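Notes to accompany the following structure.
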There are 2 protein chains.
Amino acid sequence: MTNSIRPSSKDAIIEAAFDVFSRNAGASLSQVAERAGVGRATLHRHFSSRDDLLRALARLAIREMDEVVEAACADVTSHSEAMRVSLEVLIPLGDRHGFLALEPIEDDADIQREFDRQQRETEEMIEAVKKEGLLDASVPTAWIVQAYDHLLYAGWEAVRTGQATPAQAADLAWRTLTSGLERKPS
Amino acid sequence: MTNSIRPSSKDAIIEAAFDVFSRNAGASLSQVAERAGVGRATLHRHFSSRDDLLRALARLAIREMDEVVEAACADVTSHSEAMRVSLEVLIPLGDRHGFLALEPIEDDADIQREFDRQQRETEEMIEAVKKEGLLDASVPTAWIVQAYDHLLYAGWEAVRTGQATPAQAADLAWRTLTSGLERKPS
DNA sequence: TGGTCATGAGACATATATGTCTCATTTGAA
DNA sequence: TTCAAATGAGACATATATGTCTCATGACCA
């Protein structure tokens with residue numbers, strides 16, 4: 001394989017970048033390189049500029065989120081189930097989710113379009129779940145999207161801080177979103 | 001009043017800083033000054049350094065959140081009601097809330113202690129609401145804190161983007177937290 | 001063993017952010 | 001009007017971040 005650069009280094013940079021930028025959007029490239037255990041020059045060999053890195057991260061995050069959702073929804077039989085399993089597989093990608101929410105990538109039309117498409121797909125999923133009767137149609141879809149996104153992020157934080165496993169966090173977030181945290185008389 | 005610097009300029013800087021930093025934690029002081037409609041030198045007259053500004057914002061945010069919660073809870077008759085009205089009055093302070101969550105102020109022990117105190121008070125409030133029977137005691141308090149914080153932030157975003165008034169956002173966030181967004185058969 | 005390639009370290013120039021200073025202008029009160 | 005304080009504009013020096021480059025080293029492969 002006289003192919004190209006070793007993959008491990010590039011991957012380490014990408015993982016470190018998600019980790020660092022999801023906590024601090026203004027972090028320097030030195031911090032990213034250090035977290036990756038890599039020289040700053042090596043980072044520039046893989047990503048010519050800061051913007052180049054940010055764009056690569058955004059594209060990757062969108063693609064990964066698409067992939068896990070598509071894979072998880074392969075066998076589902078309802079939109080409600082799709083919404084539930086999407087939540088579960090997206091929680092471990094919370095750093096990607098947080099990165100996309102925090103980092104303003106306004107200058108790239110491709111990424112903006114893909115980002116908008118994901119947002120639209122989430123809205124359509126929620127509309128479909130309303131039609132299936134699980135969610136209250138009188139609650140604005142825009143609010144359900146907000147609650148879904150933020151509870152997803154809350155679930156990732158619970159995982160990151162060791163409070164829960166991804167499965168437990170998904171259970172808690174899903175219960176919160178659907179039936180709430182009230183004490184049930186049943 | 002030969003007191004000191006005019007207050008309006010300082011206040012404008014503080015409001016602009018909350019606005020700018022809650023969207024982008026790494027924003028420059030030039031951006032803050034511009035948003036405030038103020039020269040960069042004036043910003044430095046009020047706040048000697050970036051850290052000075054950040055610390056002042058953190059202290060103010062904590063104090064303001066304390067004040068509105070205390071005022072709102074003056075007449076309540078239960079912890080459940082206190083939790084509900086706290087959510088309502090904190091949503092308009094969502095920029096303060098987001099600033100405290102996003103900006104890492106690790107070097108100041110005072111602020112850290114106050115921040116921890118607020119977190120602890122939220123936990124105690126939730127424990128009390130569990131005892132009153134509104135919230136399910138089998139759900140971890142840590143998760144309820146997460147959900148409360150994130151739905152509060154979601155509510156502020158709904159207000160900021162014009163999707164809802166503060167009162168509507170508080171209703172939606174409270175309903176989500178307590179009874180969820182399921183279609184209710186009743 | 002020899003050669004190739006990715007890498008780390010670090011020098012270097014540049015860009016941007018930060019903090020200080022000066023000065024002319026404006027504001028508000030007496 | 002008159003005066004003192006606050007301000008905006010901008011020069012200036014410094015610090016940090018960024019991007020490019022070179023060179024020696026180490027890993028992997030033939």
Side-chain angles (χ1 to χ4, degrees), chain A residues 1-60 98-99 102-108 111, chain B residues 1-60 98-99 102-108 111:
Chain A
M1 194 146 11
T2 55
N3 199 351
S4 64
I5 280 175
R6 290 177 198 162
S8 65
S9 187
K10 186 166 188 174
D11 288 350
I13 292 168
I14 288 172
E15 284 310 311
F18 275 128
D19 185 41
V20 169
F21 286 142
S22 70
R23 295 169 204 267
N24 174 8
S28 73
L29 300 185
S30 304
Q31 293 174 261
V32 174
E34 188 181 13
R35 175 66 61 99
V38 143
R40 200 169 59 87
T42 300
L43 192 154
H44 279 289
R45 286 190 190 97
H46 292 285
F47 304 99
S48 64
S49 73
R50 184 189 184 86
D51 268 4
D52 186 32
L53 172 61
L54 292 180
R55 273 194 290 268
L57 292 175
R59 272 190 275 264
L60 181 61
F99 169 82
L102 240 69
E103 204 73 40
I105 320 261
E106 288 134 351
D107 46 321
D108 192 306
I111 294 171
Chain B
M1 203 179 321
T2 55
N3 199 351
S4 63
I5 280 175
R6 289 174 198 164
S8 65
S9 187
K10 187 168 188 172
D11 289 351
I13 291 168
I14 288 172
E15 285 308 312
F18 276 128
D19 185 41
V20 169
F21 286 142
S22 69
R23 296 168 204 265
N24 174 9
S28 72
L29 299 185
S30 304
Q31 293 174 260
V32 174
E34 189 182 14
R35 174 67 60 100
V38 144
R40 200 167 59 86
T42 300
L43 191 154
H44 280 289
R45 286 191 190 98
H46 292 284
F47 305 98
S48 65
S49 70
R50 182 189 185 86
D51 268 4
D52 186 32
L53 173 60
L54 293 180
R55 273 193 289 269
L57 292 174
R59 271 191 275 266
L60 181 61
F99 170 82
L102 240 69
E103 203 75 38
I105 321 261
E106 289 134 351
D107 47 320
D108 191 306
I111 294 171

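Convention: sequence-line order gives letters A, B, ...; per-chain numbering from 1. As the structure is a computational prediction, the values presented were derived from the model and not from experiment.
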* Asked: Is there side-chain contact between B:Phe21 and B:Leu53, with at least one heavy-atom pair below 4.5 Å?
  -> yes
* Flag side-chain contact, heavy atom, 4.5 Å: B:Phe47 against B:Leu54 -> no
* To do: Let me know the distance between NZ of B:Lys10 and P of D:dT7, rounded to the nearest Å.
  => 11 Å
* Supply the atom-to-atom distance B:Asp52 CG to B:His44 NE2, rounded to the nearest 0.5 angstrom. => 10.5 Å
* Structure fact -> Here the residues of residues 25-41 of chain B within 4.0 Å heavy-atom distance, strictly under, of DNA chain C are B:Ser28, B:Leu29, B:Arg40, B:Ala41
* Can you name the closest pair of heavy atoms from A:Arg35 and A:Ala16 and give their distance? -> CG-CB, 3.6 Å
* Gap between atoms NE2 and C1', on A:His44 and D:dT18 respectively (whole Å) -> 6 Å
* Taking OP1 and OP2 of C:dT7, is either one under 4.0 Å from a side-chain nitrogen or oxygen of A:Thr42? -> no
* Within the side chain of B:Gln31, is there an N or O that forms a donor-acceptor pair under 3.5 Å with the backbone of B:Ser28? -> yes
* Structure fact -> Nearest heavy-atom approach of A:Ala27 to A:Arg50 is O-NH2, 2.9 Å
* To the side chain of A:Arg50, which of C:dT18, C:dC23, D:dT18 is closest? -> D:dT18
* To do: Please report, rounded to the nearest Å, how far the P atom of D:dA15 is from the CG atom of B:Asp51.
  => 16 Å
* To do: Specify the closest pair of heavy atoms between B:Asp108 and B:Ile111, including all atoms of both residues, with the distance to one decimal.
  => OD1-N, 3.1 Å
* To do: Give the rounded distance in Å between these two atoms: CG of B:Asp52 and C1' of C:dT18.
  => 14 Å
* Asked: Hey, does the side chain of A:Ser48 come within less than 4.0 Å of D:dG19's phosphate (OP1/OP2), counting only N and O?
  -> no
* To do: Begin from the C-alpha positions of A:Glu34 and A:Val20 and carry the test side-chain contact (heavy atoms from CB on, under 4.5 Å) through to its verdict.
  => CA-CA 10 Å; A:Glu34 188 181 13; A:Val20 169; over 6 Å; no
* Taking five pairs at each end of the helix from C:dT1-D:dA30 to C:dA30-D:dT1, what angle separates the two helix axes (nearest 10°)? -> 30°
* d(CZ, B:Arg45; C1', D:dT7) in whole Å -> 6 Å
* To do: Figure out the CG/P separation between B:Leu43 and D:dA9, and round it to whole Å.
  => 14 Å
* Spacing between A:Ile13 atom CD1 and C:dA6 atom P, to the nearest angstrom -> 13 Å
* To do: Measure the distance from CZ on B:Phe47 to P on C:dG19 and round it to the nearest whole Å.
  => 13 Å
* Structure fact -> For A:Leu29 and A:Leu43, the nearest pair of non-hydrogen atoms, with its separation, is O-CD1, 3.7 Å
